[in-house]
Amino acid sequence: MKMTKIFFVMMISFVFIFCAVEYCPAQVDKGKDGGDQVYRLDKVIVRDHPLKDESMVVTPDVTVINVEKFQKAGSVQNIRDILSEALGINVLRSSVTPSPTESIYIRGFDQSRFQVFMDGRSMRLMGRSGYIKADWTTMPLDNIETIEIIRGSHSLLYPFSMGGAINIITKKGSKTDEIKPRGTATTEFGSYGSQSYSASIEGGLLNLIGYSFAGAHREGDGYLRNNDYNTDSFNARMTLFLPTGGTLTGGWDHVDNKTGYPVINDPSRADYDSSYPDVLEHDVDNFVHGPEGLVYPGGDSYWQKRTNEYSILLDQPLGPGELRAQVYQHESNRDRYWLTSSGTKKTNLDIEEKNRGVFLDYLDFELIKSHAFSIGGEYRTQGIPENKDYYEIMSGYFQDVWSVTSPLTLIWGVRYYEFHSDAYKAGFPGMKTATEADKKAHEYRRKENEWCPKARLDYEVDPDLTLYAAVSREMRMP
């Protein structure tokens, strides 16, 4: 903790030092002939992307999708429907039913190798188990403005992004003096009893406050037996437009989802239901739920998850760059019920997760001609209510985007990680057989750290062709 505090004090000090340095404009400089010489800083992603009226923009580093203008053949109900159209993304479509199993891959990497963010905060690394898969089907589109897809591990702005990152940018409301808000309402009906209802409202007041609210309900019977689902979600954003040109946004995201596990439906069993497709006992690969394995009919077999996320986000132009800071908290509770082949009822109830964190970035400031620097850091804890800091994670980074010549750009930098976690020393007999004395004798606070340098060289042959070479080192979170 002491090192974390020192780190942030130093970083904040750097911010104000940079503000005092005389600097040139970030996008335009004077050439040798006295004219304007333009060099590219679009490699620093996440903000002010050049979407305009386009539904999708693809660059060598990032794909940016405008959700409101995005169109495709067929219905678009959730983020997964949009991601299926992006380059480098593979989407597995076994069902529209909410599921915590893998469904999105970036260049073959599953969620244990890439990161999912919402407004810059992690959506995947949560709780004491660390690796929690994002359920894309429960993320409604009503409150989403854009989606950014970063392919590869070369961006220093996103921690633990070994295979890439997906950053979901939410609507924050409008800076306007018009009292009349903009609202939408949609309903959809489909096969197997599927139906969805959603509504959103967005606007502003007195050029001072912006707001965006969205709610949705989805339900359906599912294709397989017992694979019904019922999901409610609510998202809220309130933005204060500061006189300094920045914004301060408070957010709340709530999801309550209940989904039935598809069960064995074997014609050889007395409990066979012919109104659903056959699912034989030896067809294990058709659906695997993790700890539950195969699930059988005859009683409650479902998982239910309730999630609340709270955040406060500051965006503030400051001197030659932009200051971004966020404080956030994730809370979730999950229950699981299932039946084994012998009819034994199993439960795993009140699985709670806590995730809290703060990050601070100073982005895109130019102290040297043709260089755009960014520095930042993050501190987070992951655990459960009775042990909120089971994991304690700190990371900090430095990045330089160097426009070497008009077509040539070098992006380089380094990110530092430090982990603290509860652990047991070698010789621990295991949780099932260990006594309290064994736990006390073997428990300790494990510490690890790692430096991860990255570099990427881009050469723009023409506006439609860019060649690049990259090398990077990245960490995988437990």
Side-chain angles (χ1 to χ4, degrees), residues 1-8 100-102 110-116 121-134 159-163 288-293 303 305-307 328-338 340 344-359 377-397 415-452 473-478:
M1 181 67 73
K2 182 178 179 180
M3 184 176 58
T4 302
K5 293 179 179 178
I6 293 173
F7 172 82
F8 281 110
T101 58
E102 297 288 357
D110 64 19
Q111 287 186 42
S112 66
R113 300 298 193 276
F114 72 85
Q115 293 299 309
V116 182
R121 73 178 188 275
S122 176
M123 295 287 289
R124 190 185 68 75
L125 297 176
M126 299 172 186
R128 189 169 62 180
S129 59
Y131 176 27
I132 301 297
K133 301 172 184 176
F160 307 112
S161 53
M162 182 179 296
V288 177
H289 313 302
E292 297 84 359
W303 61 275
K305 186 174 184 180
R306 299 159 293 277
T307 301
Y328 60 88
Q329 177 170 296
H330 164 97
E331 300 173 350
S332 66
N333 181 285
R334 179 167 171 161
D335 298 325
R336 304 205 306 256
Y337 302 81
W338 72 99
T340 65
T344 303
K345 295 182 179 180
K346 297 283 189 177
T347 61
N348 196 347
L349 307 179
D350 293 325
I351 308 168
E352 294 186 271
E353 297 164 353
K354 281 276 191 179
N355 191 47
R356 300 175 299 171
V358 57
F359 69 73
E378 177 184 14
Y379 173 78
R380 77 170 73 155
T381 61
Q382 297 173 202
I384 54 180
E386 59 269 26
N387 188 6
K388 297 182 180 65
D389 59 350
Y390 181 88
Y391 284 118
E392 192 176 16
I393 304 166
M394 187 200 76
S395 69
Y397 73 90
R415 182 177 277 272
Y416 171 79
Y417 294 99
E418 181 167 310
F419 306 86
H420 297 189
S421 63
D422 291 342
Y424 293 100
K425 299 175 184 177
F428 181 65
M431 294 301 296
K432 292 184 179 180
T433 59
T435 64
E436 288 300 320
D438 289 330
K439 294 179 182 179
K440 290 292 184 182
H442 290 85
E443 65 184 13
Y444 76 108
R445 192 69 172 169
R446 182 179 177 182
K447 297 182 181 181
E448 300 178 69
N449 58 74
E450 194 68 55
W451 290 92
C452 294
R473 177 184 176 87
E474 188 52 273
M475 290 290 295
R476 177 192 175 191
M477 175 66 191

About how many Å separate CG of D389 and CD1 of I384, when rounded to the nearest 0.5 Å? 11.0 Å
Measure across Y391 and S421 and return the closest heavy-atom pair with its distance rounded to 0.1 Å. CD2-CB, 3.6 Å
Is the count of non-hydrogen atoms from other residues, nucleotides or ligands lying under 6.0 Å from K388 atom NZ greater than 12? yes
To the nearest 0.5 Å, tell me how far H330 NE2 sits from R356 CZ. 13.0 Å
Pi-cation contact, W303 with R334 (under 6.0 Å, within 45°): yes
For the atom pair CG (N355) and OG1 (T307), what is the distance rounded to the nearest 0.5 Å? 11.5 Å
Please check this pair: side chain of T433 against backbone of P429, looking for a donor-acceptor N/O pair closer than 3.5 Å. yes
Could you report the tightest heavy-atom contact between Y397 and G377, atom names first, then the distance? CE2-N, 4.3 Å
Given the rule in the side chain to side chain contact (heavy atoms under 4.5 Å, CB included) test, do E450 and E448 qualify, once you have shown the distances and angles that lead to the verdict? CA-CA 7 Å; E450 194 68 55; E448 300 178 69; over 6 Å; no
Atom CD of E392 and atom OG1 of T381: how far apart are they, to the nearest 0.5 Å? 7.5 Å
Does the pair M475 and S395 meet the rule for a side chain to side chain contact (heavy atoms under 4.5 Å, CB included), with working shown? CA-CA 11 Å; M475 290 290 295; S395 69; over 6 Å; no
Could you tell me whether K345 atom NZ has more than 12 heavy atoms of other residues or ligands within 6.0 Å of it? no
Should D335 and R306 count as an ion pair when the cut-off is N to O under 4.0 Å? yes
Have a look at S332 and tell me which of E353, K305, K354 forms a side chain to side chain donor-acceptor pair (under 3.5 Å) with it. E353
If you compare all heavy atoms of E474 against all heavy atoms of S161, which two are closest, and at what distance to 0.1 Å? OE2-N, 3.7 Å
Closest non-hydrogen atom pair between Y416 and W451, with its separation: CD1-CE2, 3.4 Å
With distance as the sole test, does N449 use its side chain to make a donor-acceptor pair with the main-chain N or O of Y417 at under 3.5 Å? no
Run the side chain to side chain contact (heavy atoms under 4.5 Å, CB included) check on Y328 and R380 step by step: do they pass? CA-CA 9 Å; Y328 60 88; R380 77 170 73 155; 3.8 Å; yes
Kindly indicate, with the supporting measurements, whether the criterion salt bridge (charged side-chain N to carboxylate O under 4.0 Å, His left out) is fulfilled by D422 and R445. CA-CA 5 Å; D422 291 342; R445 192 69 172 169; 2.6 Å; yes
How about K439 and M431: do any of their side-chain heavy atoms sit closer than 4.5 Å? yes
What heavy-atom pair brings P159 and E378 nearest, and what distance separates the two atoms? CG-OE1, 3.4 Å
What is the minimum heavy-atom distance between W338 and T347, and which atoms define it? CZ3-C, 4.1 Å
